[in-house]
Each structure stands twice: as structure tokens, then as C-alpha cells.
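Data block below; observations after.
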Protein chains: 2
Amino acid sequence: MPTIKDVAEKAGVTVTTVSRVLNNRGYISEATRKKVYKAMEELNYQPNELARSLFRGKSQLLGLIIPTVAHPFFAELAASIEAYAHAKGYKVLLCNSQLNREKEKEYIEMLKRHQVAGIIMASHTMEVDEFAKVKLPLVTFDRRIGANIPYVSSDNYQGGQLATNLLIDKGCRKIAHVCGNLSLNMLANKRNEAFVDTARERGVEYYTIQTEINVFETKQYELLIRDLFNEHPDLDGIFANSDLMAVSAIKVCSLLKKRIPHDVRIVGYDDTNIASLVLPQITSIRQPIEQMSALAIDLLIRQMNKEQISVDNILPVILHERETT
Amino acid sequence: MPTIKDVAEKAGVTVTTVSRVLNNRGYISEATRKKVYKAMEELNYQPNELARSLFRGKSQLLGLIIPTVAHPFFAELAASIEAYAHAKGYKVLLCNSQLNREKEKEYIEMLKRHQVAGIIMASHTMEVDEFAKVKLPLVTFDRRIGANIPYVSSDNYQGGQLATNLLIDKGCRKIAHVCGNLSLNMLANKRNEAFVDTARERGVEYYTIQTEINVFETKQYELLIRDLFNEHPDLDGIFANSDLMAVSAIKVCSLLKKRIPHDVRIVGYDDTNIASLVLPQITSIRQPIEQMSALAIDLLIRQMNKEQISVDNILPVILHERETT
DNA sequence: TTGTATGCGTTATCAG
DNA sequence: CTGATAACGCATACAA
């Protein structure tokens, strides 16, 4: 790999000059600029980002910590974040935590060692006080850590309300919310709050089913939902915490010969591609992934620039009615 | 951020000594080792990877270039690759090319600037001769570039045979292969070769439908398949090039009141999670993603060590029969 | 067993 | 307008 030195020699100038044309700093005569460009061209020179980053004390890397990119929601999130990061000149370091606290910590340490410019954290098994130690531009997805760490989230309470009200409006009298682990202290838990509040208010029988921490255990969802119907054969509405869970619910209903939406109505969450792909197409609550991604990147960059930012960044969700309701 | 210098001062030694205990090199007395560890502990010291990498001339980063991580197959691939890379001490830089040649090139340049240790390339719109310029450990997914660049692939021809034979064995007489853009020169095209060979051999009527380059245009798949049935209402077998396409096929069949597998049989590809998730569950050809990922990482590391490696790395696929056949 | 000096590739400061 | 030099944080060769 040619270095700036090689370019300088070839162009008959010093490294200083080359650096100047590279960064468009200071005054340079057109003649030498041309010479330098020519030399760079001929050598196929690429500036060494490691050296640059070392000098300025940080890299152009962003860390993205998610449970697993194999999950459709996080896959779409990752794709979106990468796109916006790229547009702003940043690269994304992919970290799959598997919702494992040790891994989360390990990844954060790793990212610090690599002098990343910032971290987007969308996996939350870590304790709150451990976030204080990060000392790096940080944005959280769907979790409020404290007054200092900004987070991006969609309006989970609103989502829960929309879903629950829709089920009840459509005539459901006995509904269940299949959600993640509520002890994980994520804002997604507000969906369940909304579910409970709404169901209670409107006088409808309701149940909450928590799944284990396992990220992507479809089979487990199916078993859980099957148990649910065993206990409550007359259940007529399911609010699933992800489209994947909704698909599992559809499957179980099909096996139990329950017609959708006639016997059971289902609302999914995230509105990932899968929701409109399967049959019946899933009614789902859409999180505005694109805007959330853009906002996250933006918040990170603002932190780097020591700008003032708001801690709470909650975007509205949208209900997409389809065939399961 | 504390540096090695701070640690040295705190421990009352020089940076050399600290560096030594850090890297377990040379002889160090237990006493000073303890002192140094203590100092590192107290300062919460993290070695600066940028500096390390700059010194040794390359980073611990791997570039992963895929069309988009929003696609289930590539999402699972990315998750798997990240896991193996992590196990070997490497981090993954995520690059979504959108199957765009300029982006691919741009990403490669970027990765070089960042002194990545290697590149895994699973997006192939670039010309063959451009690969020669990479000069970096490189592994290709599903494309044979030349005699110098190793690739990892599953046995596409076998996959095509398995799928086609299954359809015919089950009684299909008029079948279609819905595949990607055959001009892209990927090994996946061998699926179509196998399809054509097998159908011809066994005397069954067959058609090939190519989709546009767009990576994730589900709607487009649906339109294409609809057109297909318009032209050939008596089509009774579809070999889809991905599970996503298979889902689209299922959907179209459902809309056209065609029963699966009674009227139309469908075989998908990749056997991603989605295949066993939807109803009917999709018969699919499984690519051994885990092994392919491990192999790719392994090939990269071997190249770094200047070890001899084989260019052709083809793993067998497995047919998973489910409900669509 | 430990310390000194040098260089990795780049940018910034300060001269000229 | 351009050049010499120091510094970023670390690891190695060579001394001691």
C-alpha cells in the first residue's frame, strides 16, 4: 500500500503538501495540486484511516449493538442505520449481543478500544449504572437509561393502545398480549401497560404472556400460544409483540382450526416486510424505522459536536390494518 | 481515555514494560506484572486498537459486503459470520451494496482505507478484473471470480436438481423456475442450469422467469408470478430461488384459488427461518449457512497467514420437505 | 528483567 | 505558497 510519503516523493513535494491537497486546507497552487493528484492517481493511493483516526483521537466507526441481526426487525433497523451512517461518512460495526449482558459489556469495551465515534445500543440487559461508564456518544433504542443518555423510540404506549382498541372495536372480548420479558425494563413494556389499561377501561378480559429472553425462538412462541389457547379456548384476540410472534399465532390458530379473523383476531408489531408478505396479511403497528435510524445517527453526531440534544425522542407509530383483524 | 503512558506512570515503570505485560512478551517479574495490572485496573485502561493496528499495518476488522441485510438470507448469513468472526477476534464492518456496482467499489475502497484484514464479498455486480485490484485477503460468496480468489458456495447445481426432481416426482408436468438475474454471473445460476437439464431430461415442460436486480421487491415477485400464471394457467410447479419468492408464490396461488400442494407445488430456497414459519410451511433447499460462514472466516485467516487454500469450496445442500410439495 | 529510541501514516503547528 | 517537525498510542529492536 502506498503511503502519503510515496505520493510526496513521486510528486516532488513533501508530505505536508500532499496532506494539504488531501484535506483541502491552506493555499496550494494549482500546479502542485495537479501534480499531487496525478501522483495519487498513478499510485492508486488510499489514505490510511487508521493513521488519520489515531491522530484525531477517534475513528469514523459507529458501533451498533442489537440482539441479533437475524431478527427481521433488527435486520431492517441495521440496514437503515447503515444507510444513514454511510450517508454521513460513518461505517457500522455490527454487534450481536444475543441479549446477553456479558456480551453487551464485552462489545462496548471492544468498541471503545476501537475508538468508535459513537454507539447505538438496541440491546438492553445491562444495568443502568454500567452505561455511565461508557463516556462515549451513545444513543439507546427503546430504553430510557437516565437523564443524560438520549434514546430513540417509537410511541410504545400509543402502539399498545392502537392494537388493543382495534381488537376490542372489532368485537374481541377476551384478549392476550404476547410480549417479551417485562423485567428487562425496556420502553416496549409500555405496550403492555397500554394493553392492560385499555382492556381494563373497556371492561374486557385480558391476559399477559411473557416469552423467555431467547431472541428468535419461534418454536417457543408457538408452544406458548398453544398453551394459551389450551387454558383459554375462547380467547378471541391476540396482540403480538412482533410480526414474528403474530406469524406464530396464525400458525397455531390454523392448527387449532380457528379462523382468522373470524374466530381470533391478531395484531402484530413492527410492520416488517414479513407482515405484508404472509397470508393472511398481518395487521401491524409500524415503527418508523427509517426516521428512527436517521434520528439516532443525528443524535450521535450532535453529541460529537457537543450540541444540545433532547433525551426523549419518541416518534409516532402507525396502525396498518390488514387481514388478521 | 487513559493511554499506556498513564498506566506506566501510575505503575512506576516505562511504557515498554506495560506493553510487555499487555502482550505477554518477554520476561517480566511477577511483582511488576502485578503493579501494572493494578494500574490498568485502576485507570480502567483499554489499549487503543487504532494505534495497535497502525503499527502492525492492519486492523482486526473484516468487511462484509452483501446486497442488503434486510433480506432474511443475508441477515442470517451476517449474524452467522459475525459470530464466527467474533470467535476469532475479528469485528465485522457491515456494507449494504444494494447490488450496485459503484457502491461495491466504493465500499471496497473504504475497507482498504480502514486497513481491514479481509473482505467477504457476497454481492456481485462488479467486473471480474476489478477484483484483481483488491490485493487483500478476499473470499467470495457464491461467485467464482478466477483461479486466485477462493469462494464459498453451496452446491447450487445439486440444489436445482433436488428441487426440480422433487417437483417432477410429485407429479408436476409444467414447471417454472423463478430466479434472479442470470446475467449477474453468480454460481446461483447453476440452479437454473440444473432446472433446465433436469426438466429436459425428464421430459417436462419448463419456463424460466428472471426477476430484476432489485433486491427485496416482494411486490415485483408477486406481479411476475401472477403474469406467469396468466400465461400458463396450468402451471403446476414452481421452483423459487428464495423463500421470500416462495412466499410470494404462495400468496399469488392463494389469490388465484390454487391449492397448495394439490394444484401447485412450490419449492423454496435457503431454508431461512421464514420457511418453517409460514403456512403452508415451505419445502426448501437449505444452504448450510453456519458452515459456509465458518469456512469463509477460515479461508480469510488462512490467507492472512499465507497458507495454501483451495479456491473451490462447495458445501452440500439439504432438501427440507414440508407442506408446499 | 527493564529502559531508550524509533517508526507505523497522518495532521497540525510554526517557520520560511 | 511550501517545508520541517512534533505528536497521536503503541510495539519492537537494541541496550543496559
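The sequence lines fix the lettering, A, B, ..., with proteins before strands; numbering per chain opens at 1. Here the structure is a predicted model, which means the values were calculated and not measured.
- One finds no side-chain N or O of B:Tyr27 lying less than 4.0 angstrom from the OP1 or OP2 phosphate oxygen of C:dG3.
- In summary, contact between chain A and DNA chain D, defined as any nucleotide atom under 4.0 Å from a heavy atom of the protein, begins and ends at D:dC1 to D:dG9 in the 5' to 3' direction.
- Note: CZ (B:Arg20) to C1' (C:dT4) measures 11 Å, nearest angstrom.
- In this structure, A:Thr3 does not reach the C:dC8 phosphate: none of its side-chain N or O atoms is under 4.0 Å from OP1 or OP2.
- Atom pair B:Phe55:CZ and C:dG9:P shows a separation of 11 Å (rounding to whole Å applied).
- Base engagement by B:Ser19 is indicated by at least one non-hydrogen atom pair under 4.0 Å involving a base atom.
- Nucleic acid contact for B:Val18: none, since no nucleic acid atom lies under 4.0 Å from a heavy atom of the residue.
- Using modelled atom types and a 3.5 Å distance limit, the side chains of B:Asn189 and B:Arg143 yield no donor-acceptor pair.
- Atom pair A:Gln60:CD and C:dT10:C1' shows a separation of 14 Å (rounding to whole Å applied).
- Of the candidate nucleotides C:dG3, C:dT13, C:dT11, C:dT13 has the atom nearest to the side chain of A:Thr16.
- Ion pairing of B:Glu106 with B:Lys103 is absent here, as no side-chain N (NZ or NE/NH1/NH2) approaches a carboxylate O to less than 4.0 Å.
- Rounded to an integer number of Å, the gap from A:Ile28 CD1 to C:dT11 P is 12 Å.
- Side-chain contact annotation: A:Ser310 with A:Asp312, donor-acceptor N/O pair under 3.5 Å absent.
- Below the 3.5 angstrom threshold, one finds no donor paired with an acceptor across the side chain of B:Thr32 and the base of C:dT1.
- With the nearest nucleotide of DNA chain C identified for both A:Leu54 and B:Val15, B:Val15 has the one nearer the 5' end.
- The distance from atom NZ of B:Lys35 to atom C1' of C:dT2 is 10 Å, rounded to the nearest whole Å.
- Counting non-hydrogen atoms under 4.0 angstrom, B:Arg56 reaches nothing in the nucleic acid.
- Straight-line distance from the CG atom of A:Asn23 to the P atom of C:dA12: 6 Å, rounded to whole Å.
- A:Tyr107 has its ring centre less than 6.0 Å from the ring centre of B:His86.
- Judged as a side-chain hydrogen bond (donor to acceptor under 3.5 Å, both in side chains), and not counting sequence neighbours, the contacts of B:Ser123 are B:Ser97, B:Glu104.
- In this structure, B:Leu22 reaches the sugar-phosphate backbone alone: every heavy-atom distance under 4.0 Å involves primed, P, OP1 or OP2 atoms, never a base.
- Between the side chains of B:Gln46 and A:Glu109, at least one donor N or O sits under 3.5 Å from an acceptor N or O.
- Here C:dT10 presents its P atom at 11 Å from NZ of A:Lys5, a figure rounded to the nearest Å.
- Rounded to an integer number of Å, the gap from CG of A:Asn24 to C1' of C:dA12 is 16 Å.
- Side-chain contact between A:Thr68 and A:Phe74 is absent, with no heavy-atom pair separated by less than 4.5 Å.
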